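From a predicted model like this one, the values you see are computed outputs, not experimental measurements. In the text below, chain A, chain B and the rest are named by the order of the sequence lines, each starting its count at 1.
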Amino acid sequence: MSVDADIIESIVAALHAVKLEAVIVGNTASALHGAPVLTEDVDIVVRDTPLNRKKLVRLAEALGGANPTDISDLISAKRIMLPESYLDVIFGKIGGGIRFETLRAHGTRMKIGSVFADVASLEDIIKSKRAAGRKKDLAVLPILEDTLAVNKARGR
Amino acid sequence: MPKPRSKPRKPSRRDLNRLVAEIAKEQARLQPLLPNMDPHDLNLILSRMFRPVEQRRYFIRLREGMYVR
């Protein structure tokens with residue numbers, strides 16, 4: 001296992017431990033699909049319920065991270081600072097209005113080390129980045145679209 | 001609690017040569033199907049795809065304000 005894969009595996013294991021259902025999105029998901037991109041964080045989407053919001057404190061404890069903090073007033077999300085990265089937990093839906101249930105239904109289950117993670121489809125990630133329209137999202141779109149084309153050409 | 005990290009196994013030269021050959025073979029098959037794709041980008045994507053999920057890099061690292069490997 002690479003150090004990076006260990007970090008993702010630890011996050012997924014902690015999600016399982018606190019019984020928090022989540023879908024990995026963003027560039028971590030893109031990289032899991034084979035896109036040659038790097039990121040600074042792991043983004044996940046969870047259902048927006050009071051119970052799930054409470055579980056975040058236990059998740060932070062399980063990961064040895066700081067207490068969850070708000071990212072901004074613009075999005076419904078919390079950040080957990082980790083020793084070597086950080087985890088952004090997005091509630092309910094991502095850019096383009098794609099909801100947790102849709103992300104999970106369209107996504108795939110991938111084995112990372114000893115755990116299984118729900119990973120959003122590359123199509124949904126591309127849609128959300130296009131809808132978000134931020135410079136950093138638009139910059140990565142061409143290589144994500146090429147990766148999707150390669151996956152399709154390979155019949156995946 | 002995060003589990004203790006296992007030391008990553010370094011691929012041997014034979015492993016790497018096999019990986020390079022598999023990527024080249026797939027690139028030769030796919031390039032005609034994707035004529036508008038830059039060959040270097042295709043190679044980059046296949047190089048990522050052919051590496052097992054557990055052996056890939058995912059994160060940029062900042063140390064003392066500089067990006068490091």
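- By the criterion of side-chain heavy atoms lying less than 4.5 angstrom apart, applied directly or through intervening Ile, Leu, Val, Met, Phe, Trp or Tyr residues, Phe116(A) is not grouped with Ile8(A); the two fall into different hydrophobic clusters.
- Residue Thr39(A) touches chain B through both its backbone and its side chain, counting heavy-atom pairs closer than 4.5 Å.
- Using a 4.5 Å heavy-atom threshold, the side chains of Arg48(B) and Thr147(A) count as separate.
- When heavy atoms are compared at a cutoff of 4.5 Å, Ala35(A) approaches chain B solely by way of its backbone atoms N, CA, C and O.
- Counting all heavy atoms, side chain and backbone alike, Tyr58(B) lies closest to Ala31(A) at CD2-CB, 3.5 Å.
- Using a 4.5 Å cut-off between heavy atoms, Leu44(B) contacts chain A through both its backbone and its side chain.
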Open item on the list: Under the criterion side chain to side chain contact (heavy atoms under 4.5 Å, CB included), I'd like the reasoning laid out for Val150(A) against Leu30(B): C-alpha separation, chi angles, the key distance, then a yes or no.
Closed with: CA-CA 8 Å; Val150(A) 172; Leu30(B) 291 180; 4.0 Å; yes
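- By the rule that hydrophobic residues join a cluster once side-chain heavy atoms approach within less than 4.5 Å of another member, Leu42(B) and Leu148(A) end up as members of one cluster.
- Using a 4.5 Å cut-off between heavy atoms, Ile45(B) contacts chain A through both its backbone and its side chain.
- Remark: Arg51(B) CZ is loosely packed, at most 12 non-hydrogen atoms of other residues, nucleotides or ligands lying under 6.0 Å away.
- Contacts of Arg29(B) with chain A are made by side-chain atoms alone, with heavy-atom separations under 4.5 Å and no backbone atom involved.
- In this structure a side-chain-to-backbone donor-acceptor pair under 3.5 Å is present from Glu54(B) to Gly113(A).
- Shown here is Lys111(A), whose NZ atom has more than 12 heavy atoms of other residues, nucleotides or ligands within 6.0 Å.
- Using a 4.5 Å cut-off between heavy atoms, Asn27(A) does not touch chain B at all.
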Task: Verdict with supporting geometry, Phe59(B) and Val42(A), side chain to side chain contact (heavy atoms under 4.5 Å, CB included) - done: CA-CA 9 Å; Phe59(B) 301 114; Val42(A) 177; 3.5 Å; yes
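- Remark: side-chain polar atoms of Arg57(B) are not paired, donor with acceptor, to backbone N or O of Leu38(A) under 3.5 angstrom.
- Side-chain heavy atoms closer than 4.5 Å link hydrophobic residues (I, L, V, M, F, W, Y) into clusters, and following such links, even through other members, never connects Ile24(A) to Ile126(A).
- The number of heavy atoms from other shown groups lying within 6.0 Å of NZ (Lys55(A)) is above 12.
- For the pair Arg56(B) (side chain) and Leu32(A) (backbone), a donor-acceptor distance under 3.5 Å is present.
- Looking at Ala14(A), there are no atoms closer than 4.5 Å to chain B (heavy atoms on both sides), in backbone or side chain.
- Linking ILVMFWY residues whenever their side-chain heavy atoms come closer than 4.5 Å, directly or via other members, places Ile11(A) and Val46(A) in the same cluster.
- Hydrophobic clustering places Leu87(A) together with Met110(A) (ILVMFWY residues linked when any side-chain heavy atoms are closer than 4.5 Å, directly or through intermediates).
- Checked for salt-bridge contact, Arg154(A) and Glu26(B) meet the test: a charged N lies under 4.0 Å from a carboxylate O.
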